[in-house]
Amino acid sequence: MNLDFSAAECAFRAEVRDFVRTQLPPAIRDKVANGLHLTRDEHVLWQRTLHARGWGGPGWPKAFGGPGWSPVEQYIFEEECALGGAPRPIPFGMKMVAPVIMAFGNQAQQERFLPKILTAEEWWCQGYSEPGAGSDLASLRTRAVRKGGKYLVNGQKTWTTLGHYADWIFCLVRTDPEAKAQRGISFLLIDMKSPGVTVRPIITLDGAHEVNEIWFEDVEVPVENLVGEENQGWTCAKFLLGHERSNIAGIGIAKRELARARRIAAVETKRGRPLIEDPLFAARLAEIEIDLMALEITNLRVLSAEAENKAPGPEASILKIKGTELQQAISELILQAVGPYALPFDGAVHGPAHAANRAAQYLNLRKLSIYGGSNEIQKNILAQMILEL
Ligand SMILES: Cc1cc2nc3c(=O)[nH]c(=O)nc-3n(C[C@H](O)[C@H](O)[C@H](O)COP(=O)(O)OP(=O)(O)OC[C@H]3O[C@@H](n4cnc5c(N)ncnc54)[C@H](O)[C@@H]3O)c2cc1C
């Protein structure tokens, strides 16, 4: 196992760093730095900037217009983007539905959908979860009934991230209610402009509109939008979740935010000495830093195994649990460091700019241990696959 980066990988890292430093619009960098939500246009602008450089689909093979990077190059790319203050990539098109269409879609679907994901011409959202079908996804009830050349879809999805921006939604739907749970599910692409689709906002703890409920009432979907075989959607779903977990540890983001916590805590406050001189705070900071280094080594071990063509197994669950716990812990440190300035009570910024919105960000990040398969579910996977309980 070799955990060192090669000379070519170090050169690639320098190239990405330079690109992000020179090409990321300062207004976007500032928003990311201050934990603010980006607009749809800002996400699209950054995706187009990357695409123009040939880096629009970091995990994509060359055959579909990607750069054909190795897992290590993808890791370096995402880490440098995060360290340089670029927005977190929106995964639904690029990292979720695209690999499914590449693996299970037909040529017409690949030609129709993939290019517009790369150019950000079409925004995708993920329609998996339903009320009563989250961790137990196979109990989903949204129904699709085939009538001639169309499916008639009825049901409800929930927690749909940025569904209000989306042009398309990929959905798991039940096509055979008689079959055993996973067997009667299909993977369907639905145009969000179809009559009968309703998007309703869910406002989260931080006051933001990030997630939605989506309702389908007699929505007609052409059978051409079925990916893979009817009733074989669970295979696509499992394949997609494997991709969702790539780069899940969020090492770059955690490093960036930890550096921010350190900077904020080093500033002298009106309350007296900088917080970083407080032994309890300094010890917690060090503890998190050590955990982050350990996680980085674990991540590199997984990447090294991938380079030897060993698919990541339950290790992905370790990366998800530790990575999200660390990001949440760092947001707690930052909250502590900015103190009362964290809470702009009337929308105005009263304290230093770095303090604005920190409470909102702290609240927003509670989601990390829930979505993408909750951390409890990841622990179950580890118990079964590694501890063999
Ligand atoms: C901010 C946010 C964005 C999201 N975005 C999307 C999206 O874009 N598209 C989408 O399809 N979904 C999305 N989700 C949904 C997400 O995948 C689910 O919330 C998640 O899978 C958990 O399902 P649930 O909410 O139904 O909770 P439940 O499954 O009801 O779980 C409730 C609690 O019980 C625990 N639990 C459940 N089963 C077990 C078990 N067997 N053993 C131990 N503990 C268990 C869970 O860990 C959790 O703490 C999002 C969620 C959030 C919070």
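When a ligand or atom number is given, it counts from 1 through the structure's own listing order.
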Practice item. Start with the C-alpha gap between F187 and F104, add the side-chain angles, then the distance that decides, and say whether ring-ring contact (aromatic ring centres under 6.0 Å, His included) holds. Key: CA-CA 10 Å; F187 193 97; F104 302 97; 8.3 Å; no
Practice item. Given salt bridge (charged side-chain N to carboxylate O under 4.0 Å, His left out), test R40 with D167 step by step and report yes or no. Key: CA-CA 12 Å; R40 186 188 199 278; D167 302 293; 3.0 Å; yes
Check your understanding: For the salt bridge (Lys or Arg N to Asp or Glu O under 4.0 Å) test, which of R256, R21, R13 pairs with E80?
Key -> R13
Practice item. Determine the sole option in H37, K31, Q47 for which the side chain to side chain donor-acceptor pair (under 3.5 Å) test with E42 is passed. Key: K31
Exercise for review: List, ordered by chain and residue number, the protein residues whose closest non-hydrogen atom lies under 4.0 Å from any atom of ligand 1.
Suggested key: F92, Q126, Y128, S129, G134, S135, W159, T160, T161, V211, K367, I370, Y371, S374, E376, I377, N380
In a table with atom names and distances, give each donor-acceptor pair under 3.5 Å that connects a side chain of residues 63-72 to protein atoms at least two apart or in another chain.
unit_1	atom_1	unit_2	atom_2	d
S70	OG	V72	N	3.4
S70	OG	E73	N	3.1
S70	OG	E73	OE1	3.4

**Study point:** Donor on one side chain, acceptor on other, Y151 and E230, under 3.5 Å
**Key:** yes
